[in-house]
Peer 1: 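Structure provided below as structure tokens; questions to follow.
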Amino acid sequence: MLNETKGKSLEIIWTDIPAGRGKVFVKVRFYLQNGHSIVQSNFSARVTGNPAGWIKQVEFPVLRGIKSLGDDYLLVPRYLGRMVRNPGERVTDFHFTHPGKWSMQFIAFHGSNILNNNLVDLKNGFKVNGFQRGTASDETGLFLSTADGQGYHKDVEISRDRKRKGTFNLKLTHYPQFDFWPPVKSRMGVNFSYSMPYPVRLGTYSGGTKKACEIYRGWALKQEWMRRGPVNKPNNPDQGVSPKVLNCAFWGKFYHGAGKVVPEMAGLRDYLKVPMNTHWYRYKISKFDDNNLEYFPLDPYFKEGATTLRDMGIGVMPYVCYAVWDLDTESWARKNLIDAAALSESGKPIIWGLRKGHPNAWMNPASPLWRDEFSSLTLKLFEDGGVNGEYLDVMAAASKLCYNDKINKPHGGNYWSRGNRTMLERLRSETKKITPEAFFTTETFSENYIDLLDAFLTLDIPRYGWRAKSGYDNYPLLSYVYHDYAIPYGSDCHQTLDPAAMRWQMGLSFTWGVQPTYSNNMIYPPESKKPENDRYTREITRAWYQAGAKFLTGGIGIDLQNWVKKTDADGNVVMDDNGDPVLEQAYSVETGKILTINTKDKKL
């Protein structure tokens, strides 16, 4: 191993590492700017041999045995965001992919030793711990990210360290791209090289959650997905968020035919009196999630229903399963769509079993054939179905390693995200010729598509928090990093939900800037089941539309400086037995303090 210092950088080189019949050479370059505490590192490796072996994955960095910082928090950008309090004791194993579940490319860990007596009581099993307590005076943290603005496939793993009690591990995995597949010896050369196409950032910082998000946001604002500009001040109004989404205060995620959905939406429109859109499911003749993507013929009254809703000013956005094609459809064989599928290492389609007995193949967005087919379906929905929006299910939720070298260079790479971006650019261009207010949304949040989608369906609050009962809480990291650039909406709230659960879910969505939503198979006339639920929803949606829209749609998260040094009657800081300042909460439910926000100066 060789170490060499060059100005502000350090290079570590490993040479002649045995690897089968060949050798491996590895170089890692670390660079630290003046006045910074976060190191930028670049990884490269070369294999020699006859033939040279291929590097299938690179695990870098690997951090093991991360110890407690006192009262500490692990921040994980899974979809909307996750927070694990005291992760050395509570974290469950995570394995997320970017682009996909790892929605933003950073992990942060911070804590306060002064507040070490504020730890979670684990004696009686899991309990929702509540949300972040605010930054303490001694708050310090660890920051890890990849600075990849091109959407390369990568994984993050988080696990509790079973060998070192009270600690946890972090690992990033990166995937080189191959020239062909499978690896036939006669085609393989005497050298194989891989240079990671983006740097890794690792270091420490002073501060808490908001500071970690600010560090990441400083990099993110320079990436291509920021080119549209803030949702309320787009750089080019013609390319901005559709007004149907920007001005929306309520979504109806409703199901089945026009004869049911139209009166449901009309009744709520007259009751709520706010702009709204319908997220429409099960509107076609075939069963839900069957015969993808053979969506035609539609329900015979669908277009009439869509036209009626649009005449009432309601946006019409049908569900489409963006990612797959049903293998038992006639069109799969006739159109030879295996050529557009995402193939596994064995050369077979990667399967998603959406319905029992009806396997669906994941389609590769890098395929021109797939993009042609999906674009054709979309144009038919807009032209023949009369819609002005489309929901692209799971587009942002996943990416796959693919091995069809007729479409893309196999294994690693950024073909999945680039293919999706190419598709979205095409869909937006073609549909805006039909209706200028055309809008597109997808399931979950992923930063790679912010500038090309109008909103993101986020179901984190009802589905991944209190229901899952895992070792994490939901936390709005999206609100801190991107909320002035990206619009979330969605919930599983409905009229017959327990009123306390309804208020918790709807109120939390409101606070985090998630546009309010009803979602259920059956929607009843307002106030006919549990009147308090509809009344609360009316309060929330009108407050959103009449007073809060410019802050809740396109606002940005603020951080309460909640822990302050306690002072005595003379104004002196109170110290504990160890000589550390005693901290007390400035804001809590118990104190009943009213928060007044100066929206001009953005201060409390």
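Not measured: the values here are computed from a predicted model.
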Peer 1: What about Y79 and W102, are their ring centers closer than 6.0 Å?
Peer 2: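 Centroid distance Y79-W102: not below 6.0 Å, so no.
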Peer 1: Cation-pi check, K211 to Y480: give yes when NZ or CZ is under 6.0 Å from the six-membered ring centre and within 45° of the ring axis, no otherwise.
Peer 2: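 No, K211 does not sit over the ring of Y480.
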Peer 1: Indicate yes or no for a side-chain donor-acceptor contact from S344 to the backbone of K348 under 3.5 Å, with no hydrogens or angles considered.
Peer 2: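 Yes, because the side chain of S344 sits within donor-acceptor range (under 3.5 Å) of the backbone of K348.
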Peer 1: Salt bridge or not for R82 and D473, using N-O below 4.0 Å?
Peer 2: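 Looking at D473 together with R82, the answer is no, because their closest N to O distance does not fall below 4.0 Å.
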Peer 1: To the nearest 0.5 Å, tell me how far S399 OG sits from H153 NE2.
Peer 2: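 Interatomic distance, S399 OG to H153 NE2, rounded to 0.5 Å: 4.5 Å.
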Peer 1: Identify the heavy atoms of Y175 and K56 that sit nearest to each other, and give their distance.
Peer 2: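 Nearest pair, atom of Y175 first, then K56: CD2-O, 3.8 Å.
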Peer 1: Run the salt bridge (Lys or Arg N to Asp or Glu O under 4.0 Å) check on R85 and D71 step by step: do they pass?
Peer 2: CA-CA 8 Å; R85 192 171 184 186; D71 182 22; 3.1 Å; yes
Peer 1: Considering the options F43, Y152, Y198, which one meets the ring pair (Phe, Tyr, Trp, His ring centres under 6.0 Å) requirement together with H174?
Peer 2: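 So, applying the ring pair (Phe, Tyr, Trp, His ring centres under 6.0 Å) to H174 and each of F43, Y152, Y198, only Y198 qualifies.
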Peer 1: In terms of ring plane angle, is the pair W219 and W225 parallel, tilted or perpendicular, where the classes change at 30° and 60°?
Peer 2: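 Ring orientation, 0 to 90° scale: perpendicular.
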Peer 1: Return the orientation label for the F106 and F143 ring planes: parallel under 30°, perpendicular over 60°, tilted otherwise.
Peer 2: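 Because their plane-to-plane angle is under 30°, the rings of F106 and F143 count as parallel.
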Peer 1: Does a donor on one side chain and an acceptor on the other come within less than 3.5 Å for D138 and S112?
Peer 2: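 A donor-acceptor contact under 3.5 Å links the two side chains.
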Peer 1: Among I66, N169, L74, find the residue that satisfies the side chain to side chain contact (heavy atoms under 4.5 Å, CB included) test when tested with I158.
Peer 2: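 So the option named by the test is L74.
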Peer 1: For F180 and R187: C-alpha separation, side-chain torsions, deciding distance, then whether side-chain contact (heavy atoms from CB on, under 4.5 Å) applies.
Peer 2: CA-CA 9 Å; F180 54 87; R187 297 181 64 189; 3.5 Å; yes
Peer 1: Mark yes or no for whether S44, through its side chain, and S195, through its backbone, hold a donor-acceptor pair below 3.5 Å.
Peer 2: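 Pair absent, no side-chain N/O of S44 close to backbone of S195.
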Peer 1: Roughly how far apart are E139 CD and D72 CG, rounded to 0.5 Å?
Peer 2: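 Going from CD on E139 over to CG on D72, the span is 9.0 Å.
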Peer 1: For the side chain of S479 and the backbone of W512, is there at least one donor-acceptor N/O pair under 3.5 Å apart?
Peer 2: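 A pair under 3.5 Å: yes.
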Peer 1: Does the salt bridge (Lys or Arg N to Asp or Glu O under 4.0 Å) test come out yes or no for R418 and E224, once each step is laid out?
Peer 2: CA-CA 12 Å; R418 303 315 296 180; E224 66 174 339; 2.4 Å; yes
Peer 1: Of all the heavy-atom pairs spanning M188 and G53, show the shortest one and how long it is.
Peer 2: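 Answer, listing the atom of M188 first, then G53: CE-CA, 4.5 Å.
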Peer 1: What pair of heavy atoms forms the shortest contact from W352 to V394, and how long is it?
Peer 2: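 Here W352 and V394 meet closest at CH2-CG1, 3.7 Å.
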Peer 1: Let me see the working for T458 and D460 under side-chain hydrogen bond (donor to acceptor under 3.5 Å, both in side chains), right down to the final yes or no.
Peer 2: CA-CA 6 Å; T458 56; D460 303 56; 4.7 Å; no
Peer 1: Mark yes or no for whether Y216, through its side chain, and Q105, through its backbone, hold a donor-acceptor pair below 3.5 Å.
Peer 2: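 Answer holds: yes.
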Peer 1: How long is the span from the CZ atom in R421 to the CG atom in N414, to the nearest 0.5 Å?
Peer 2: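 The distance works out to 11.0 Å.
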Peer 1: Using only atom types and a distance under 3.5 Å, with no angle test, would you say the side chain of N364 pairs donor to acceptor with the backbone of A340?
Peer 2: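 No, the answer is negative, given that no donor and acceptor are paired below the 3.5 Å cut-off.
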Peer 1: Any Lys/Arg nitrogen of K171 or D155 sitting under 4.0 Å from an Asp/Glu carboxylate oxygen of the other?
Peer 2: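 Not counted as a salt bridge, because no side-chain N and carboxylate O are separated by less than 4.0 Å.
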Peer 1: Under 3.5 Å, is there a donor-acceptor pair linking the side chains of D148 and T146?
Peer 2: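 On atom types as modelled, these side chains do not qualify, holding no pair under 3.5 Å.
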Peer 1: Quick one: pull up NE2 in H411 and CD in E345 and give me the separation to the nearest 0.5 Å.
Peer 2: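 Answer rounded to 0.5 Å: 7.0 Å.
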Peer 1: Are D93 and R162 within salt-bridge range, i.e. N to O under 4.0 Å?
Peer 2: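 A salt bridge is present here (some side-chain N lies under 4.0 Å from a carboxylate O).
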Peer 1: Side chains of T140 and H110: donor-acceptor distance under 3.5 Å anywhere?
Peer 2: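 Result is no, nothing qualifies.
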Peer 1: Do R46 and T48 come within less than 4.5 Å of each other through their side chains, counting heavy atoms only?
Peer 2: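 Of all side-chain heavy-atom pairs linking T48 with R46, at least one is under 4.5 Å.
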Peer 1: Please report the C-alpha distance between Y205 and L142 in whole Å, then the side-chain angles of each, then the deciding distance to 0.1 Å, and finally whether the side-chain contact (heavy atoms from CB on, under 4.5 Å) criterion is met.
Peer 2: CA-CA 6 Å; Y205 69 97; L142 175 72; 5.8 Å; no
Peer 1: Do L401 and W416 come within less than 4.5 Å of each other through their side chains, counting heavy atoms only?
Peer 2: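 In short, these two side chains do not touch, never coming nearer than 4.5 Å.
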Peer 1: Checking side-chain contact (heavy atoms from CB on, under 4.5 Å) for the pair C213/L477: CA distance, chi angles, key distance, verdict?
Peer 2: CA-CA 7 Å; C213 292; L477 299 177; 4.0 Å; yes
Peer 1: Got L170 and I107 here, is their nearest side-chain heavy-atom distance under 4.5 Å?
Peer 2: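 L170 vs I107: side chains touch.
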Peer 1: Would you confirm whether the ring centroid of F25 sits within less than 6.0 angstrom of the ring centroid of W14?
Peer 2: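 No, too far apart.
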Peer 1: Taking the ring centre of each residue, are F109 and Y73 less than 6.0 Å apart?
Peer 2: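 No, the ring centres sit 6.0 Å or more apart.
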Peer 1: Does the T97 side chain pair with the main chain of G100, one donor and one acceptor, at a distance under 3.5 Å?
Peer 2: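 No, the answer is negative, given that no donor and acceptor are paired below the 3.5 Å cut-off.
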Peer 1: Verify, without hydrogens or angle tests, whether N191 (side chain) and G49 (backbone) share a donor-acceptor contact under 3.5 angstrom.
Peer 2: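 It does not hold such a pair.
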Peer 1: Looking only at heavy atoms, which two atoms of P581 and V573 are closest? And how far apart?
Peer 2: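 What the structure gives for the nearest pair is CB-CG1, 3.9 Å.
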Peer 1: List the residues meeting salt bridge (charged side-chain N to carboxylate O under 4.0 Å, His left out) with R371, not counting sequence neighbours, and say none if there are none.
Peer 2: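 Scan of R371 (salt bridge (charged side-chain N to carboxylate O under 4.0 Å, His left out), adjacent residues dropped) gives none.
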Peer 1: Can you list the steps and then say if D454 with R428 is a salt bridge (Lys or Arg N to Asp or Glu O under 4.0 Å)?
Peer 2: CA-CA 10 Å; D454 297 276; R428 292 180 71 86; 3.1 Å; yes
Peer 1: Under a 3.5 Å cutoff, is there a donor and acceptor pairing between the side chains of Y322 and N420?
Peer 2: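 There is such a pair (donor and acceptor under 3.5 Å, judged by atom type) between the side chains of Y322 and N420.
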Peer 1: Can you tell me how far the CD atom of E447 sits from the OH atom of Y482, to the nearest 0.5 Å?
Peer 2: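 Answer for the CD-OH pair, E447 versus Y482, is 3.5 Å.
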Peer 1: Ignoring hydrogens and geometry, is there a side-chain-to-backbone donor-acceptor pair from R228 to L453 under 3.5 Å?
Peer 2: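 Indeed, once roles are kept as given, a pair shorter than 3.5 Å links the two residues.
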Peer 1: Which atom names give the shortest non-hydrogen contact between R217 and V481, and what distance separates them?
Peer 2: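 Looking at all heavy atoms of both residues, the closest pair is NH1-O, 2.6 Å.
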Peer 1: Given the ring of F168, does R160 sit roughly above its face, with NZ or CZ under 6.0 Å from the centre of the six-membered ring and within 45° of the axis?
Peer 2: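 Relative to the ring axis of F168, which defines the angle, R160 lies outside at least one limit.
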Peer 1: Please answer whether the main-chain N or O of R164 pairs with a side-chain N or O of D161 as donor and acceptor at a distance below 3.5 Å.
Peer 2: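 Yes, D161 side chain to R164 backbone: donor-acceptor pair under 3.5 Å.
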Peer 1: CZ of F456 to OG1 of T442: how many Å apart, nearest 0.5 Å?
Peer 2: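 Between atom CZ of F456 and atom OG1 of T442 there are 7.5 Å.
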Peer 1: Are the side chain of S375 and the backbone N or O of D372 linked by a donor-acceptor pair below 3.5 Å?
Peer 2: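 Judged by distance alone, no pair lies under 3.5 Å.
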Peer 1: Using salt bridge (Lys or Arg N to Asp or Glu O under 4.0 Å), reason through R227 and E425 one step at a time and then give a plain yes or no.
Peer 2: CA-CA 13 Å; R227 65 183 181 181; E425 288 171 347; 3.1 Å; yes
Peer 1: Looking only at non-hydrogen atoms, find the nearest pair between V200 and P61 and report the distance.
Peer 2: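 V200 and P61 have their closest heavy atoms at CG1-CD, 3.8 Å.
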Peer 1: Set out, in order, the CA-CA distance, both residues' side-chain angles and the distance that settles side-chain hydrogen bond (donor to acceptor under 3.5 Å, both in side chains) for D393 and Y391, then state yes or no.
Peer 2: CA-CA 6 Å; D393 194 42; Y391 168 73; 2.9 Å; yes
Peer 1: Using the side-chain contact (heavy atoms from CB on, under 4.5 Å) rule, take L424 and L392 through it: C-alpha gap first, then chi angles, then the decisive distance, then the call.
Peer 2: CA-CA 10 Å; L424 287 170; L392 310 171; 3.6 Å; yes
Peer 1: Got Y403 and P182 here, is their nearest side-chain heavy-atom distance under 4.5 Å?
Peer 2: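 The answer is no, as the side chains (C-beta and beyond) never meet within the 4.5 Å cut-off.
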Peer 1: Going by heavy atoms in the side chains, are V39 and R201 under 4.5 Å from each other?
Peer 2: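 Of all side-chain heavy-atom pairs linking R201 with V39, none is under 4.5 Å.
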